**Student:** 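Dropping the structure in here first, questions after.
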Amino acid sequence: MLNNIDGSKLTIQEICEIGKSILNKSFREINEDGSIITKGGFGHFIERHVYNITPNSDSSPDFKLAKTELKVTPVRKLKNGTYSAKERLVLNIINYHEELNKTFYTSSFWSKNSILYIFFYLYQPDISNLDYIILKDLLIDFQELKTDLTIIKRDWETIHKKIKDGRAHEISEADTLYLAACTKGVNSQSLRTQPNSPDRAKQRAYSLKPSYMTRLFNKEPIDKYIDMMVDGVELEKLGFENLIVNRTNKYLNKSQSELIRLFNISSKSKNLNELILSSMLGLKNTKISKTEEFLKANIIPKTIRLEENNKIKEHMSFNTFKFTDIIEETWEDSYLRDYFESTKFMFSLFEKQGNDYFFRGVRFWNMPIHDIDNNLHDVWHETVNLIKQGKIIKKSGKITRNFFPKATDNPVAHVRPHAKNKADVYPLPVPDQLTKSTTFTKQSFWLNNSYILKIINHLFSDNSN
DNA sequence: GCATGATCATGC
DNA sequence: GCATGATCATGC
């Protein structure tokens, strides 16, 4: 496009000026020699054809003078007209040995990615990737995003601590809020050695979570979202999760009815507890899940009720899956695995005593990789196998019995109906052996109440927070 | 009483 | 109209 420029010598202003000139253009329009784009090649394409940079794998940023890293990433348009990031933004690969003795500001993450210049293009499933359109450019200087930087710094320290502790093989994306260590390799067999442990760990790269990328892309109509007005000093000292735990601890052991009176809540709905939690955090008329921090970090609030016999009555439900989709997946790229590896939960615990439920606090949790890749994998694998064989219905009648894994079959999860009613169905890829039916009631994966109870007992066993 | 199947309530 | 979070109902 511009052959007389040298990307390595451009200033930030010049980079952005050139960047603006390719907005609303397709890759085909930018490209002049008809070259194709291979997987992951969008970045190289822009480097080569727009900025005259020869792709390399330096530890320094692409634009040397401007100390700015170039990124090109897809968004997709949802049915409701809004946009969301299609993927996490993958940054540099982590060398566990080299990162060991670094601090945040000397880390490979910071030296390469402290300033990002990002192009978002619109992904569309049925067209050639050369026809994707560049929708937007965005310059991100993390120094200027104070709250984000505080959280990202803490995220980096969380990852760093696992490396230091010889636990790189236990790293999970959901350990952290905005900055994550995602797997990056040809396959799950891309293992690397790590310091302080004989166990080999999956190759990982720093990345910005999809939820965070979605917020970056949608930054303009910011009035729709509300920051939690977290205090910078407090955030730096405690970290986001402890800050939330501390704030809500003020209301420990108060009953639901007392809290409703205190906060003047009139609703009788099922999300009552979420409204109570919002009020504890000082949010007026805003759901916690709609706040800036929860949106960026993809934290899902869940309410847990402990009964008087110290048991949890209900299992925990998740999204339904399509029988036709799940059999096309491999475990490594399955929706289920991705969901649990990248989602953090905020559990708020209410314990029953007499006729009321008493607030026992809030804890954050994400599923350990070991549970994901063992027990959860078993349930998923068994389910996929049954669908592929058309082995679904065991006994048909007023109450239908099915072959899917039960809560008693596995310590972590099981499969159960999750639908409007029995007639609310998805198509089966293979007709059911017994009934020849080509559809079946929508199902979802559920976490066993016994598993949740174990987690709760563990999370709430130390009363230091 | 528990495990599993069935369905409700809300919000977008 | 449907996804999502949550809870109810039935049968062993």
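Naming: A, B, ... by sequence-line order, numbering from 1 per chain. Everything numeric in this text was worked out from a predicted model, so none of it was measured.
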**Student:** Atom CZ of A:Phe347 and atom P of C:dA6: how far apart are they, to the nearest Å?
**Tutor:** 10 Å
**Student:** Examine B:dT4: is either OP1 or OP2 under 4.0 Å from a nitrogen or oxygen in the side chain of A:Asn402? Give yes or no.
**Tutor:** no
**Student:** A:Phe318 or A:Lys395: which one's nearest nucleotide on DNA chain C is closer to the 5' end?
**Tutor:** A:Phe318
**Student:** Have a look at A:Ser444 and say if it touches a base, only the backbone sugar-phosphate, or nothing, with a 4.0 Å heavy-atom cut-off.
**Tutor:** nothing
**Student:** Take the protein atom CD1 of A:Ile452 and the nucleotide atom P of C:dA6, then report the distance between them rounded to whole Å.
**Tutor:** 11 Å
**Student:** Kindly indicate, with the supporting measurements, whether the criterion salt bridge (Lys or Arg N to Asp or Glu O under 4.0 Å) is fulfilled by A:Arg88 and A:Glu341.
**Tutor:** CA-CA 13 Å; A:Arg88 49 183 72 67; A:Glu341 213 215 323; 5.9 Å; no
**Student:** Take A:Tyr178 and A:Phe240 through the test ring-ring contact (aromatic ring centres under 6.0 Å, His included) and record every step on the way to the result.
**Tutor:** CA-CA 11 Å; A:Tyr178 301 169; A:Phe240 181 70; 8.0 Å; no
**Student:** Nearest-Å distance, CD1 (A:Ile300) to C1' (C:dA6)?
**Tutor:** 15 Å
**Student:** Please give me every residue in residues 302-316 of chain A whose heavy atoms get under 4.0 Å of an atom in DNA chain B, ordered by residue number.
**Tutor:** A:Lys311, A:His315
**Student:** Tell me: OH of A:Tyr357 to P of C:dA6, nearest whole Å?
**Tutor:** 13 Å
**Student:** Can you tell me how far apart CG (A:Asn366) and CZ (A:Phe345) are? Round to the nearest 0.5 Å.
**Tutor:** 8.5 Å
**Student:** Do the charged groups of A:Arg215 and A:Glu292 touch, with an N to O distance under 4.0 Å?
**Tutor:** yes
**Student:** Can you confirm if the aromatic rings of A:Phe109 and A:Tyr206 lie within a centre distance of less than 6.0 Å?
**Tutor:** yes
**Student:** Report each atom pair, protein N/O against N/O of nucleotides 1-3 of chain C, whose distance is under 3.5 angstrom.
**Tutor:**
from, atom 1, to, atom 2, distance (Å)
C:dA3, OP2, A:Lys442, NZ, 3.1

**Student:** Rounded to whole Å, how long is the line connecting atom CZ of A:Phe403 with atom P of B:dT4?
**Tutor:** 14 Å
**Student:** Using atom NZ of A:Lys422 as one end and atom C1' of C:dA9 as the other, report the distance to the nearest whole Å.
**Tutor:** 13 Å
**Student:** What is the distance, rounded to the nearest whole Å, between atom CZ of A:Phe345 and atom P of C:dT4?
**Tutor:** 13 Å
**Student:** Could you check A:His414 against A:Ala423 and say which one's nearest nucleotide on DNA chain B is further toward the 5' end?
**Tutor:** A:His414
**Student:** Nearest whole angstrom, please: distance from the C1' of B:dG5 to the NE2 of A:His418.
**Tutor:** 13 Å
**Student:** Between A:Ser211 and A:Asn298, do the side chains contain an N or O donor and an N or O acceptor separated by less than 3.5 Å?
**Tutor:** no
**Student:** Are the aromatic ring centres of A:Tyr121 and A:Phe27 under 6.0 angstrom apart?
**Tutor:** yes
**Student:** Strictly below 4.0 Å: does A:Ser317 bring a side-chain N or O up to OP1 or OP2 of C:dT4?
**Tutor:** no
**Student:** Going by distance alone, is a donor N or O of one side chain under 3.5 Å from an acceptor N or O of the other, for A:Tyr339 and A:Asn319?
**Tutor:** no
**Student:** Out of A:Lys406, A:His315, A:Lys454, A:His414, which one pairs with A:Asn448 under the side chain to side chain donor-acceptor pair (under 3.5 Å) rule?
**Tutor:** A:His414
**Student:** Choosing from B:dT7, B:dT4, C:dG11, which nucleotide comes nearest the side chain of A:Lys398?
**Tutor:** C:dG11
